[in-house]
Amino acid sequence: MGEDILSDIKRDYVLSKLGEDERVDGRKLDEYRNIEIETGIISKAEGSALVRIGNTQVVVGVKMQPGEPYPDTPDTGIIITNAELVPLASPTFEPGPPDENSIELARVVDRGIRESEAIDLKKLVIDEGKVWIIFIDIHALDDDGNLMDASSLGAISALLTTTVPAEKFDTGDNYPLPVRDLPVSITSLVADGKILIDPSRDEMSIGHRLITITSDQKDNIVSIQKSGSYHLTEEKFYELIEISLTKSKEIRDMLGKI
Amino acid sequence: MGEDILSDIKRDYVLSKLGEDERVDGRKLDEYRNIEIETGIISKAEGSALVRIGNTQVVVGVKMQPGEPYPDTPDTGIIITNAELVPLASPTFEPGPPDENSIELARVVDRGIRESEAIDLKKLVIDEGKVWIIFIDIHALDDDGNLMDASSLGAISALLTTTVPAEKFDTGDNYPLPVRDLPVSITSLVADGKILIDPSRDEMSIGHRLITITSDQKDNIVSIQKSGSYHLTEEKFYELIEISLTKSKEIRDMLGKI
Amino acid sequence: MGEDILSDIKRDYVLSKLGEDERVDGRKLDEYRNIEIETGIISKAEGSALVRIGNTQVVVGVKMQPGEPYPDTPDTGIIITNAELVPLASPTFEPGPPDENSIELARVVDRGIRESEAIDLKKLVIDEGKVWIIFIDIHALDDDGNLMDASSLGAISALLTTTVPAEKFDTGDNYPLPVRDLPVSITSLVADGKILIDPSRDEMSIGHRLITITSDQKDNIVSIQKSGSYHLTEEKFYELIEISLTKSKEIRDMLGKI
Amino acid sequence: MSDEMNDEMQLIVDGKRLDGRKFDELREVKIETGVLKRADGSCYLEMGNNKMIAAVYGPREAFPRHMQDPSRAIIRYRYSMAPFSVDERKRPGPDRRSVEISKVSREAFELVVMKELYPRSGIDIFVEVLQADAGTRAACINAASVALVDAGIAMKGIVTSVAIAKVNGEIVLDPFKEEDNYGEADMPFAFVIRDGEIKSIGLLQMDGKLSYDEIRKGLEMAKKGAMEIYRLQREAIIRKYSLEEVE
Amino acid sequence: MSDEMNDEMQLIVDGKRLDGRKFDELREVKIETGVLKRADGSCYLEMGNNKMIAAVYGPREAFPRHMQDPSRAIIRYRYSMAPFSVDERKRPGPDRRSVEISKVSREAFELVVMKELYPRSGIDIFVEVLQADAGTRAACINAASVALVDAGIAMKGIVTSVAIAKVNGEIVLDPFKEEDNYGEADMPFAFVIRDGEIKSIGLLQMDGKLSYDEIRKGLEMAKKGAMEIYRLQREAIIRKYSLEEVE
Amino acid sequence: MSDEMNDEMQLIVDGKRLDGRKFDELREVKIETGVLKRADGSCYLEMGNNKMIAAVYGPREAFPRHMQDPSRAIIRYRYSMAPFSVDERKRPGPDRRSVEISKVSREAFELVVMKELYPRSGIDIFVEVLQADAGTRAACINAASVALVDAGIAMKGIVTSVAIAKVNGEIVLDPFKEEDNYGEADMPFAFVIRDGEIKSIGLLQMDGKLSYDEIRKGLEMAKKGAMEIYRLQREAIIRKYSLEEVE
């Protein structure tokens, strides 16, 4: 039906531009869209951020509360990352429990935070048998492509502005959550032998052929997720790592200013 | 199909009678159907009542058990009201988790009990960190219209005959649950400029255009719920309050005799 | 469609052979398929067994962990039996929560273990308010008929080789779970006036007309489950008990060798 | 079902059961037909302290459509316990036990309902336990049978159910709560009764410990009990139709 | 809503409310239209410390098919709170409260959307509460109304919502969190406004304790408040269309 | 994955791994084809202490109907862990981890299955982890590949999977449980192998900390390991077909 034809036309257009190394919104292949980060927008949350990448918008809220540690890690705090692809954000999102896409989104963001050791979980012990639980809730508002990077950026931005609510739970004075690294995710679309960094929704019409590479401030790769059914060659993979390391530095500079 | 035509005919008939200020079952516009209340019918429950309003039948059972108070209200007992529109009661009820109608039913009944302060929740503290939880379970048996009032009446009737099972839980002697007010719900159908009190299922064929007004024995309104998509005018609203206050007194007299 | 016709042909074939007291795989009416039991195959489990009855395959794993007893039986351990008819095992099994068939399977197996008192639950108390919970997880791998007996046999075989993991939970030295009886289930297909013991999947084409009779080593019947919609006559019922008692002895001998 | 406490729990005293019944005596059974307006058929039944209501809807269009069978009716049976029906409040919604009971009960009714008369349709049997005191599956089946007749569903027979138990070594009919909790065995039957006679066993379960001979004795007792209940089911149906002056 | 703590909680001091407002004064309302790209219509709204975003999708093909109505559009309304929108983290997914709010809100919008213009289609209204501070259902409805206009859905009027409360014995407009928690009553209204005038009440709930006279007083106050909000809704819509140089 | 305890956890002793393997050495792999009767294709696989069974059903009619694609097959992949497969009993049913693994594994197989040959149909790949010891997603993929061949599904290549890890600063192949728990990074790969050569990466994930050079080193090691596994997969398939005297 009409929907499909439109999508075919869009796809052909994206591909034809790509043939000339051009993108439909005029960007260069390795050019990120404009990023805006607003923090502290949800005063009910311990930390929060609204991230815009082009028209893509995500709100991330951080809530903290005391709780029991996992039995096998009694001396470490807990991070729980959850993503809601609420139906507000896209005509294709439906109300209901998290599907594989929102689960993947949450888990990749979680790994970026966790593996970069941005939060020292050892410091989140309150007492014996009592640690801080950090809930990172990702709330997609508008999906114009690359929710992944917007969510990662939102998560670290929210954490950077999080105050540990010790007073509310009678465990001492409030203090800023210590954040010791700044993991940054870079998502690219791999198609037709090209790498399109930060793909827009329109560009996704050529296929869900993504890879997200997250790195820390020492240029370690801390998380990789190939997402979508496509052949990735070794050469492209190495190229992707290089591009991601370069781009992440630019974005990390923005985070430094929060 | 057949079903729809029957429903149209029924609707036309109800409306044509209504044009002459008459109701299909011969009642006056502000006349309630016959009410019967039987209490103590479920000996396994701490309190119980079977309420019949015409052919509509509802059983309400009250169970009590000790539990932890909510963290923000450590010194008050807990009321949990639940309604099951079991498929036995109507050809339109399906097995499964509560839908919006049973949730609305339970919540409106709950508000009547809660806001009239019929139960002094402060008196339900057993010990530090231990309070009585009152489960009010509404079980619809036959839906011939106005399950709402039948459920409210069943809930307060069951509470009036509830014995706190202190002995069972080793917390002293059993005693009657103190009930200090008698909230009464009056549900009306608002259609064609008329108010039909206690609408029957047949009358519902002209549309789900209901309002439930619950009042306490001092003539305070304690809960209102407009239910259904219809325009309510200010004048009708005021008229509804007056009718509800009048009718509720008659029904409250019945409760006084339990 | 094709599926149905095939199934009809198969059914006719089974019935025609049955008319001559023969079975499609050459067995006698009261002949069980070959049984193989391998124990200790899952080293992560406290006890485990793989049971093959002909081509039917079931793995049962036993896990144990300390937990709170049920409030009404403070001085007895807990058995929780669960069956997963995973979609791997049959083209008719679908992913999702347990349906009525897997629930029935788990409950019948559970009753055999429980009612034969094979496990002395009184001996599973660790401390006041702390008992062993035994999880018996039945995992169907290949359903070529009679999953019920394969599961029962798997459960008791796994229990026979279970080591109580006391060291892991700092409650003393490990010790073998004491098993004091050997319940054995015999499932038969009742059709056309005949009794087919241990029915194969092909034979099930003549209808889900089953009965499972479980007995202990003193020839007590400890559990019966008629499963399927069919008329069972008194005479057949008595005949079934006799056959089941005889057959179970043969199988119990196998268990004795584990 | 557990016999762990047999020694301690004295359930038979001077040859009588704790509630005064003889071994082969039923609890009091009360049956009332046509108690619900919306349902096509209904029945209220008490059996000792058990109280249940059955409703039948149908034959009606089966839904969802892909569940329809072009050659016969689909039967649903839902056994459900009200949260307040038991000592400890039960969470609403089906648990594993009620799923199993619903399955085996449905299988019994599929034997008698003339499903081929109602192609593409659904016949729904819903039974609510308002108060439970052992033997609820049997009591629900008995109520459902009457509700099916009340709904005018064509049937090749009626289903009548009763359990027997072993209590302090004795086989007894229709156990009540204490006998069920502390007895040594429980065996519920449902029989298909046609032309006033038991034709077959439609439902059969057992748990506990019984010898072959005890099972034979129990079955005989159950058949006798079922015939008594069958007469009460019949009376309840006739009573309603005479009241309605149909016959 | 509870008046248990009235005596202790001083919410009116020197004839003023704790946040400095007069009794019939609204909190500050900020409305911005067209804030989302993917949605057909959208609106961001603040009402005091409440922050919400509404999106409208449709008219589009209703799904699943069997939900379609051949003569009119199906309206869905989903009120949803972000986990971080409240003091205590809320578990994601709908709870009973949000199911009820979604139902009564949808019923109000069904009064104004010209459903018969869009047969077989679905019109979906999704509202996310990003920060909650009492009166969220009203604020969400106000945002949803503007998003519907932004989506170009034909409507016979606009829905505007506001609550009144009773606080220390006084009727006040648009209660904030403390007034909601410790006040004696809360009564949310949604009005259908057409041609700049209130035509009817589309949503009405109440809990607490109010006398007949207090309800009258509250309704008058709510109408006044709703008209103020209506003007802000209108301005937001006009602002967007002038920016777009449509008119 | 966590390197919090690196300093304490000695996983490499005298240039050897705790289980005696060299850095680039696989655990023992055992593959058996056609182990299930009901499934159209099946495979039992051990990889160290991992034990898994894969079954393939299809091509068969995809259900529910509205899921069918008129131009190609729909592939489902279900990775599932038995409750007893891990130290701490796992609750039955899919958790978030298994949903993610199922997704990325399915994406790899969609690259090789010739879906356009089977319009409107479904090809279902179900893999059960009976015992888990790190690297289960890779082992499951390897088993599923063989089961697909066993089912006779047309494929443009085979998928072979293996992980590498960083342990005490060293890159090692095919980590076992302790290396996975206390290592510094884990990187599972699945390769598409055609005509005996690696054509592309079909699945790629990583968590932990790796430098660019370590990733290069890891990928080389993984390719070598995958080719070894590929030979074992091939052998298992040939073994079955020779036993069946097909060739």
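Everything quoted here is computed from the prediction, not taken from an experiment. So that the names make sense, note that chain A is the first sequence line, chain B the second, and so on, each numbered from 1.
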Q) chain D heavy atoms under 4.5 Å from B:Ser43: which part of the residue, side chain, backbone, both or neither? A) both

**Q.** Heavy-atom pair with the smallest gap, counting every atom of B:Glu46 and B:Lys63
**A.** OE1-CA, 3.3 Å

**Q.** D:Val56 versus chain B, the contacting section by heavy-atom distance below 4.5 Å
**A.** neither

Q. Distance-only, no hydrogens or angles: does the D:Ser85 side chain make a donor-acceptor pair with backbone N or O of D:Leu130 under 3.5 Å?
A. no

Q. Has D:Glu32 got more than 12 heavy atoms of other residues, nucleotides or ligands less than 6.0 Å from its CD?
A. no

Q) So which part of D:Lys90 gets closer than 4.5 Å to some heavy atom of chain B, the side chain, the backbone, both or neither? A) neither

(Q) Restricting to non-hydrogen atoms, name the atom on D:Met47 and the atom on D:Val29 that form the minimum distance, rounded to 0.1 Å. (A) CG-CG2, 3.9 Å

Q) With respect to chain B, which residue among D:Leu36, D:Asp124, D:Asp133 yields the maximal number of heavy-atom pairs within a distance under 4.5 Å? A) D:Leu36

Q. Highest number of heavy-atom pairs under 4.5 Å with chain B: which of D:Gly93, D:Pro92, D:Ala39?
A. D:Pro92

Q. Between the side chains of D:Gln233 and D:Thr160, is a donor N or O closer than 3.5 angstrom to an acceptor N or O?
A. yes

Q. Is chain D contacted by the side chain of B:Asn82, its backbone, both, or neither, given a heavy-atom distance below 4.5 Å?
A. side chain

**Q.** B:Glu203 and its side-chain contact (heavy atoms from CB on, under 4.5 Å) partner, picked from B:Leu18, B:Leu15, B:Leu196
**A.** B:Leu196

Q. Have B:Asp110 and B:Thr81 got a donor and an acceptor in their side chains that come within less than 3.5 Å?
A. yes

Q: Using non-hydrogen atoms and a 4.5 Å limit, figure out which bit of D:Arg89 sits close to chain B: side chain, backbone, both or neither.
A: both

(Q) Quick check on D:Lys51 against chain B: is it the side chain, the backbone, both or neither that has a heavy atom closer than 4.5 Å? (A) side chain

Q: Report the option among D:Asp40, D:Ile53, D:Asn49 that has the most heavy-atom pairs separated by less than 4.5 Å from atoms of chain B.
A: D:Ile53

(Q) Less than 4.5 Å to any heavy atom of chain D: does that hold for the side chain of B:Lys44, its backbone, both, or neither? (A) both

